[in-house]
Visitor: 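Got a structure for you, written out below as structure tokens; questions coming shortly.
Only this structure's heavy atoms are used, side chains among them; waters, hydrogens and symmetry mates stay out.
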Amino acid sequence: MRDMGDVVLLRYRPIEHYRYGLPVFLIAILGVGVANAVVLRPIFGYSQGILAFAIVFAILKWLLLTRATTGVLHYFGSPRIPFLGYALMTEALILPFLLLPYVPELSIFLSFWQLWIFWAQLLGFAVISQQPIGRVLIAYFVYALLTLFFGMIFLSLFDAAGWIDLKEMQIHLHRFMHPHNRP
């Protein structure tokens with residue numbers, strides 16, 4: 001929790017500091033998955049497999065973010081930095097979204113929170129790797145493409161298994177994107 005607070009305040013430590021044991025990784029990834037399920041609920045509806053998909057998606061995003069930043073920044077001259085702990089800890093900054101079902105009034109604040117934690121995470125990658133933000137943004141672009149590609153594969157797999165319904169998701173997504181057309 002202290003590391004999360006430091007990152008929110010834009011205070012970063014050497015990468016060796018962000019080493020966590022397996023229990024911390026499991027709790028963090030489970031928390032991120034549940035928070036993702038809360039965020040995705042308006043789009044996915046109440047599909048049976050939303051929680052499983054959100055946890056798998058959290059793991060996928062974490063691994064792709066780590067791989068993309070390590071690979072791209074290494075290409076630009078950084079040593080191979082093991083960002084696993086740092087990336088997971090900063091991904092866990094989404095945990096306040098767990099409050100959203102209980103306090104929907106927080107949605108505006110949480111939108112700003114999401115922007116801030118993106119900036120804090122991005123800046124941390126730049127500080128730790130000693131690379132310019134532009135190069136970190138290239139890593140984020142690669143990460144976004146990989147997440148889109150693999151996310152679509154996992155969506156298709158979950159749909160084929162019957163755990164989520166893509167047709168229902170399209171209906172919910174349309175309602176979410178066009179709130180004025182709601183019945």
Side-chain angles (χ1 to χ4, degrees), residues 1-11 18 20 23-66 68 83-125 140 143-144 146-148 150-159 161-183:
M1 294 301 264
R2 187 177 319 134
D3 291 344
M4 293 168 77
D6 283 345
V7 167
V8 167
L9 297 173
L10 307 179
R11 294 189 300 234
Y18 302 107
Y20 307 108
V24 172
F25 273 95
L26 294 175
I27 290 168
I29 207 69
L30 189 63
V32 171
V34 172
N36 281 338
V38 168
V39 171
L40 293 173
R41 184 73 69 193
I43 297 169
F44 281 84
Y46 291 92
S47 297
Q48 296 276 340
I50 183 65
L51 181 59
F53 176 78
I55 291 170
V56 168
F57 194 61
I59 294 168
L60 175 72
K61 285 176 45 187
W62 165 58
L63 292 174
L64 291 175
L65 176 63
T66 301
F83 283 120
L84 287 168
Y86 174 77
L88 185 61
M89 182 267 302
T90 55
E91 287 291 296
L93 290 170
I94 195 174
L95 291 177
F97 279 83
L98 292 171
L99 299 173
L100 199 53
Y102 307 106
V103 190
E105 296 80 19
L106 287 176
S107 62
I108 292 174
F109 168 76
L110 290 175
S111 296
F112 287 112
W113 175 253
Q114 196 166 19
L115 288 172
W116 182 255
I117 62 176
F118 168 77
W119 171 250
Q121 183 187 59
L122 173 88
L123 187 59
F125 280 121
Y140 270 92
Y143 158 67
L146 291 171
T147 302
L148 181 63
F150 287 108
M152 295 305 287
I153 290 172
F154 278 100
L155 267 176
S156 298
L157 291 173
F158 272 72
D159 182 53
W163 295 335
I164 59 173
D165 184 355
L166 289 180
K167 291 181 176 143
E168 180 185 350
M169 185 187 97
Q170 289 174 336
I171 293 167
H172 286 284
L173 183 60
H174 180 74
R175 287 182 186 155
F176 183 75
M177 298 300 286
H178 301 90
H180 57 280
N181 290 340
R182 289 183 182 164

Visitor: How would you list, by chain and number, every residue that makes a side-chain hydrogen bond (donor to acceptor under 3.5 Å, both in side chains) with Glu91, sequence neighbours excluded?
Guide: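 If we apply the side-chain hydrogen bond (donor to acceptor under 3.5 Å, both in side chains) test to Glu91, skipping adjacent residues, the hits are Gln121.
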Visitor: Quiz question: by atom type and distance under 3.5 Å, do the side chains of Asp3 and Tyr20 form a donor-acceptor pair?
Guide: yes
Visitor: Are side-chain heavy atoms of Leu157 and Trp163 found at a separation under 4.5 Å?
Guide: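 Result no, sub-4.5 Å side-chain heavy-atom pair not found.
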Visitor: Measure across Ala35 and Leu95 and return the closest heavy-atom pair with its distance rounded to 0.1 Å.
Guide: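 Where Ala35 meets Leu95 most closely, the heavy atoms are CB-CA, 4.5 Å.
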Visitor: With Phe25, which residues qualify under ring-ring contact (aromatic ring centres under 6.0 Å, His included), at least two apart?
Guide: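 Result, ring-ring contact (aromatic ring centres under 6.0 Å, His included) vs Phe25: Trp62.
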Visitor: Answer yes or no: is there a side-chain heavy-atom contact under 4.5 Å between Leu26 and Leu30?
Guide: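 Heavy-atom side-chain distance check fails, nothing below 4.5 Å.
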Visitor: Testing the basics here: between Ile164 and Gly49, what is the closest heavy-atom pair and its distance to 0.1 Å?
Guide: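 In this case the closest contact between Ile164 and Gly49 is CG2-C, 4.0 Å.
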Visitor: Within a strict 4.5 Å, meaning less than it, do heavy atoms of the Leu106 and Phe97 side chains meet?
Guide: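 A side-chain contact under 4.5 Å is absent here.
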Visitor: List the residues meeting ring-ring contact (aromatic ring centres under 6.0 Å, His included) with Phe118, not counting sequence neighbours, and say none if there are none.
Guide: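 Scan of Phe118 (ring-ring contact (aromatic ring centres under 6.0 Å, His included), adjacent residues dropped) gives Tyr140.
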Visitor: Is any side-chain heavy atom of Ile117 closer than 4.5 Å to one of Thr90?
Guide: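 No, side chains not in contact.
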Visitor: Sequence neighbours left out, what passes ring-ring contact (aromatic ring centres under 6.0 Å, His included) with Tyr143? Give chain and number order.
Guide: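 ring-ring contact (aromatic ring centres under 6.0 Å, His included) check on Tyr143 returns nothing, list empty.
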Visitor: Roughly how far apart are Ser107 OG and Phe112 CZ, rounded to 0.5 Å?
Guide: 10.5 Å
Visitor: Side chains of Leu63 and Leu84, heavy atoms from C-beta outward: is any pair under 4.5 Å?
Guide: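 Result yes, sub-4.5 Å side-chain heavy-atom pair found.
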Visitor: What's the separation between atom CD1 in Ile50 and atom CZ in Phe158, rounded to the nearest 0.5 Å?
Guide: 9.5 Å
Visitor: Show the nearest heavy-atom pair for residues Ala37 and Leu51, with the distance to one decimal.
Guide: CB-CD1, 4.0 Å
Visitor: Let me confirm one number: the CD-CG distance from Glu105 to Leu99, rounded to the nearest 0.5 Å.
Guide: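 If I round to the nearest 0.5 Å, the distance is 11.5 Å.
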Visitor: Could you tell me which non-hydrogen atom of Ala58 sits nearest to which non-hydrogen atom of Val32, and how far apart they are?
Guide: CB-CG1, 3.7 Å
Visitor: Roughly how far, to the nearest 0.5 Å, is CD1 of Ile94 from CG of Leu110?
Guide: 9.0 Å
Visitor: Between Gly151 and Leu60, what is the shortest heavy-atom contact and its length?
Guide: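 Looking at all heavy atoms of both residues, the closest pair is N-CD2, 3.9 Å.
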Visitor: With a 4.5 Å limit on heavy-atom distance, are the side chains of Phe125 and Phe83 in contact?
Guide: yes
Visitor: Tell me, do Trp119 and Leu122 make a side-chain contact under 4.5 Å, heavy atoms counted?
Guide: yes
Visitor: So Phe53 and Phe154, do their side chains get closer than 4.5 Å, heavy atoms only?
Guide: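 A side-chain contact under 4.5 Å exists here.
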Visitor: Test your reading of the model: is there a side-chain donor-acceptor pair from Trp116 to the backbone of Val8, 3.5 Å cut-off?
Guide: yes
Visitor: What distance do Leu64 atom CG and Leu146 atom CG have between them, rounded to the nearest 0.5 Å?
Guide: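 Going from CG on Leu64 over to CG on Leu146, the span is 5.5 Å.
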Visitor: Could you tell me which residues satisfy side-chain hydrogen bond (donor to acceptor under 3.5 Å, both in side chains) with Asn36, sequence neighbours excluded, listed by chain and number?
Guide: none
Visitor: Quick one: list whatever passes side-chain hydrogen bond (donor to acceptor under 3.5 Å, both in side chains) with Tyr18, sequence neighbours left out.
Guide: none
Visitor: Can you tell me how far the CE atom of Met4 sits from the CG atom of Leu93, to the nearest 0.5 Å?
Guide: 4.5 Å
Visitor: Counting only heavy atoms not in Ile108, do more than 12 sit closer than 6.0 Å to its CD1 atom?
Guide: no
Visitor: Specify the closest pair of heavy atoms between Ala120 and Tyr86, including all atoms of both residues, with the distance to one decimal.
Guide: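 Taking Ala120 first and Tyr86 second, the nearest heavy atoms are O-OH, 3.5 Å.
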